[in-house]
Amino acid sequence: MKEKHVEQARQEELNELVKIRRQKIDELKKLGVNPYPYKFKCTHFSKDIIENFDRMEGKAVSIAGRIMALRKMGKASFAHVMDSGGRIQIYVRLNNVGEVPYKIFKLLDIGDWIGVTGDVFKTHTGEISIVVKELTLLSKTLRPLPIVKEKVEDGKKIIYDQFADKELRYRQRYVDLIVNPEVRDVFVRRSKIISTMRRYLEEKGYLEVETPILQPVYGGAFARPFVTHHNTLDMTLYLRISNELYLKRLIVGGFDGVFEFAKDFRNEGMDRFHNPEFTQMELYVVYEDYYFMMNLVEEMISTIAEKITGSKTIVYQGNEIDLTPPWKRIRMFDAIEEETGFNLYGTIENEVREIGKKLDIDVEALPTRGKIIDEIFGKYVEPKLIQPTFITDFPIEISPLAKKHRDDPNLVERFEPYIAGKEIGNAFSELNDPIDQRQRFEAQMKLRSAGDDEAQVLDEDFLRALEYGMPPTAGLGIGIDRLVMILTDSPSIRDVLLFPQMRPEQLKAED
RNA sequence: GGGCCAGUAGCUCAGUCGGUAGAGCAGCGGCCUUUUAAGCCGUUGGUCGGAGGUUCGAAUCCUCCCUGGCUCACCA
């Protein structure tokens, strides 16, 4: 493996394009230029100049950024420089900068970082530009950037030679971010979504906490974990699949509202909606129930949507979605009946199996009544839930951490919010009866020994915490990645993760 | 894991009936002092994802493999 790295590095060195740029570095050094200097003082961003041209015209400014387009001519040239807020044209003229600086400029390539000082003006064709007096190379690039060209025709932006290979874009996100500005925009919005949510929760007085990622017992969700090992303690540790049980311990400890933006890890398949590591926001609030959480979710999500997109109505993959509260609330059994005509409420397992068969569900593979119901729901109801909907009151067998429904001991007080046909969260009136919780864990252990390797593991310390007394509590988890997908109209989770999980890159070897 | 599709120059792509590789952009050289997909002239660059097979001859046909995308299944 190591040898392959070395081999690859050697081949890169021989790469002609890189070689040429190395030669340019040597030439620049001969002209007295340090291709990697230490500092540059900017006075403006490109955006400031373009947005305030009337005020800026004729003024001296210093900006810095990456060269994204070059139009070199014999004695006067144009370039576009991109900084974090946009891009601006610069005009470099031999008479203005002098012989040697112009020679230096001609040694620059697309991708190089430069700083320029000059005056703001508008060209004959009307483009706001900077006529350069002084030009400083800030960092010379060795690798050529994929060149993306744009033309505006009839108000429409035509893009030529777009850097489009999805694999390359995900693997080399740094390049993707440089040449595809809308990618950058998605991640700026992701950051704003999280900070808006954080502020929303802080303003309500909840405390942001951090809980262990390395856990001796994993719990709080149905999933297979990643397993690791601690050398000094010589013990198995699991990367958390959820932080739920830790946050509830903190409620036992006396905090009355805690939340965490948590990276969770699940050792499962990957697709458009699943990445092995993903982010959830979990929140626990004392003295409240799941009705409180429904109100909070619809208010919080619609508030964030408005802040990010400017409207409570958004478009996701062609569907207009109105996030204005109140959202539709429907019991899981009622939703299934609406879509299939079968009322599963109060049925026993064998009846559900028969109905499942009629509904073309592979019931043989499913161990319990609850799982079959969940499967029917997933197939017939979930895809229909385009407008925001709370599905409520789940079967108890698939909800071992939720409190029994106050009106029906076969159900739990649980809901999942759905938007655009996808589950974006999960919430309960939290189970705080330690005796009931122990029985639920034991039922899970029984499933586990029957071969269900996603059944939950009994957590003795968590039970001990509950035995010290947990007040009535409402709990919530929100899938941040899926929320970001919906609010940025992104079709895949990979589009909202800066570095989505990929197979290891194949390294070139001679062999 | 199944199905479908794709992989050709740094980027975007073409490549006919099987005849040994093309364009634009980028690069390099030249001309060019308001250009903007700058332009004009010239030019470099490829183990056609990999291995094997069929064939006088394979980017092209066949088999296997690798990588990726979409999708179904799995998976809260």
Side-chain angles (χ1 to χ4, degrees), chain A residues 12 15-21 23-24 68-80 87-97 102 109-111 121-129 131 141-153 157-172 175 179 220-224 241-242 264 266-276 278 280 362 365-366 370-371 374-375 377-379 382 394 398-399 414 416 422-426 453-454 456 477 479 482 491-492 494 502-511:
Chain A
E12 297 297 350
N15 181 300
E16 203 199 330
L17 294 168
V18 172
K19 216 161 81 186
I20 289 164
R21 294 202 180 194
Q23 283 165 4
K24 285 186 180 178
M68 293 303 286
L70 262 179
R71 291 177 290 281
K72 291 184 196 173
M73 284 174 281
K75 286 169 183 153
S77 303
F78 291 86
H80 275 102
R87 49 173 77 187
I88 190 165
Q89 180 170 260
I90 62 167
Y91 177 40
V92 184
R93 193 164 165 255
L94 174 63
N95 292 15
N96 293 340
V97 295
Y102 198 77
D109 292 292
I110 288 173
F121 80 113
K122 206 178 253 186
T123 62
H124 288 169
T125 52
E127 180 161 354
I128 297 165
S129 309
V131 55
T141 342
L142 283 183
R143 285 175 186 265
L145 215 52
I147 308 299
V148 178
K149 298 206 169 189
E150 307 175 347
K151 183 167 81 171
V152 179
E153 204 168 75
K157 196 156 100 177
I158 305 165
I159 298 172
Y160 299 86
D161 300 340
Q162 184 158 34
F163 180 59
D165 184 306
K166 283 193 183 173
E167 180 183 359
L168 278 179
R169 289 181 51 201
Y170 295 141
R171 285 195 196 279
Q172 300 184 41
V175 176
V179 301
F222 297 94
R224 282 181 302 237
I241 59 171
S242 159
D264 291 339
R266 297 186 184 174
N267 206 339
E268 290 160 354
M270 298 152 57
D271 62 29
R272 204 150 71 82
F273 297 98
H274 299 84
N275 194 68
F278 63 104
Q280 288 212 92
D362 183 13
L366 298 166
K371 289 230 171 182
D374 199 28
E375 192 74 16
F377 174 81
K379 184 165 178 183
E382 187 173 340
F394 286 61
I398 54 171
S399 313
R414 171 182 177 186
E416 290 181 342
K422 271 290 153 190
E423 171 198 344
I424 61 146
N426 191 12
D453 59 354
E454 273 155 18
Q456 298 197 15
R482 288 188 184 173
S492 168
R494 293 180 152 191
M502 303 286 281
R503 254 176 243 270
E505 202 167 347
Q506 290 292 304
L507 296 167
K508 278 176 206 161
E510 274 183 5
D511 287 50

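Every heavy atom of this structure was used, including side-chain atoms; hydrogens, water molecules and symmetry mates were not. Proteins get letters first, then strands, A, B, ... in listed order; numbering begins at 1 in each. Keep in mind that this is a model prediction, so the values were computed, not measured.
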Exercise. Which nucleotide in the set B:U33, B:C74, B:A38 lies at the smallest distance from any side-chain heavy atom of A:Lys149?
Worked result: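 Looking only at heavy atoms from C-beta outward on A:Lys149, the closest nucleotide is B:A38.
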Problem set entry | Residue A:His124, side-chain atoms from C-beta onward, closest of B:G10, B:C70, B:U34 |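 Selected nucleotide: B:U34.
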Exercise. Hey, does A:Arg71 have a side-chain heavy atom less than 4.5 Å from the side chain of A:Gln89?
Worked result: yes
For this session: Find out whether A:Leu168 and A:Val175 are in side-chain contact, i.e. whether some heavy atom of one side chain is under 4.5 Å from a heavy atom of the other.
Result: no
Checking [X] now: which residues fulfil side-chain hydrogen bond (donor to acceptor under 3.5 Å, both in side chains) with it, not counting sequence neighbours?
X        : answer
A:Gln23  : none
A:Gln280 : A:Asp264
A:Glu268 : none

Exercise. Atom CD in A:Glu423, atom CZ in A:Phe377: separation rounded to 0.5 Å?
Worked result: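 CZ of A:Phe377 is found 8.5 Å from CD of A:Glu423.
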Problem set entry | Spacing of CG belonging to A:Asp109 relative to CZ belonging to A:Arg143, to within rounding of 0.5 Å | 14.5 Å
For this session: Assign the ring pair A:Tyr91 / A:Phe121 to parallel, tilted or perpendicular, where the plane angle (0 to 90°) is split at 30° and 60°.
Result: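 Tilted: the ring planes of A:Tyr91 and A:Phe121 meet at 30° to 60°.
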With rounding to the closest Å, how many angstrom separate the [atom1] atoms on [N] and [M]?
N     : M     : atom1 : result
B:G68 : B:U55 : P     : 35 Å
B:U47 : B:C17 : C1'   : 26 Å
B:U34 : B:C28 : P     : 23 Å
B:G10 : B:G53 : P     : 28 Å
B:A59 : B:G7  : C1'   : 12 Å
B:C13 : B:A51 : P     : 25 Å
B:G18 : B:G57 : P     : 16 Å
B:A9  : B:U63 : C1'   : 29 Å

Considering every strand shown, what is the Watson-Crick or G-U wobble mate of [N] when both distances are under 3.5 Å?
N     : answer
B:A59 : none
B:U54 : none
B:G46 : none
B:U67 : B:A6
B:G1  : B:C72
B:U34 : none

If you compare every side-chain N and O of [X] against the phosphate oxygens of [N] (OP1, OP2), does one of them come in below 4.0 Å?
X        : N     : value
A:Arg171 : B:G68 : yes
A:Arg224 : B:C75 : no
A:Arg71  : B:U35 : no

Measure distances between side-chain N and O atoms of [X] and base N and O atoms of [N], and say whether any donor-acceptor pair falls under 3.5 Å.
X        : N     : result
A:Asp165 : B:G68 : no
A:Asp271 : B:C74 : yes
A:Gln89  : B:U35 : yes

Problem set entry | Contact letters for nucleotides 27-32 of chain B, in which S counts primed atoms plus P, OP1 and OP2 and B counts the base, heavy atoms under 4.0 Å | SS---B
Exercise. What string of B, S and - do you get for nucleotides 4-9 of chain B 5' to 3' if you count protein non-hydrogen atoms under 4.0 Å?
Worked result: ------
For this session: Let me know, please, whether A:Thr123 or A:Glu423 comes out on the 5' side of the other along RNA chain B by nearest nucleotide.
Result: A:Thr123
Problem set entry | Given RNA chain B, 5'-ward residue of the pair A:Ala76 and A:Ile398, judged by closest heavy atom | A:Ala76
Identify whether any heavy atom of [X] sits under 4.0 Å from a base atom; if not, whether one sits that close to sugar-phosphate; answer base, sugar-phosphate or nothing.
X        : answer
A:Glu150 : sugar-phosphate
A:Glu375 : sugar-phosphate
A:Phe377 : nothing
A:Glu416 : base
A:Tyr160 : base
A:Ala164 : sugar-phosphate

Using atom [atom1] of [X] as one end and atom [atom2] of [N] as the other, report the distance to the nearest whole Å.
X        : N     : atom1 : atom2 : value
A:Ile159 : B:C25 : CD1   : P     : 19 Å
A:Ile158 : B:G24 : CD1   : C1'   : 15 Å
A:Asn267 : B:C74 : CG    : P     : 18 Å
A:Glu167 : B:G68 : CD    : P     : 6 Å
A:Gln172 : B:G10 : CD    : P     : 13 Å
A:His80  : B:U35 : NE2   : P     : 13 Å
A:Met270 : B:U71 : CE    : P     : 14 Å
A:Phe78  : B:U35 : CZ    : C1'   : 4 Å

Output yes when a side-chain donor or acceptor of [X] lies under 3.5 Å from a complementary backbone atom of [Y], and no otherwise.
X        : Y        : result
A:Tyr102 : A:Ala76  : yes
A:Arg266 : A:Ile241 : yes
A:Thr141 : A:Gly111 : yes

For this session: Under the side chain to side chain contact (heavy atoms under 4.5 Å, CB included) rule, collect the residues that match up with A:Asp161, sequence neighbours excluded.
Result: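 For A:Asp161, no residue satisfies side chain to side chain contact (heavy atoms under 4.5 Å, CB included) once neighbours in sequence are set aside.
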Problem set entry | Working for side chain to side chain contact (heavy atoms under 4.5 Å, CB included), residues A:Glu382 and A:Lys422 | CA-CA 7 Å; A:Glu382 187 173 340; A:Lys422 271 290 153 190; 3.9 Å; yes
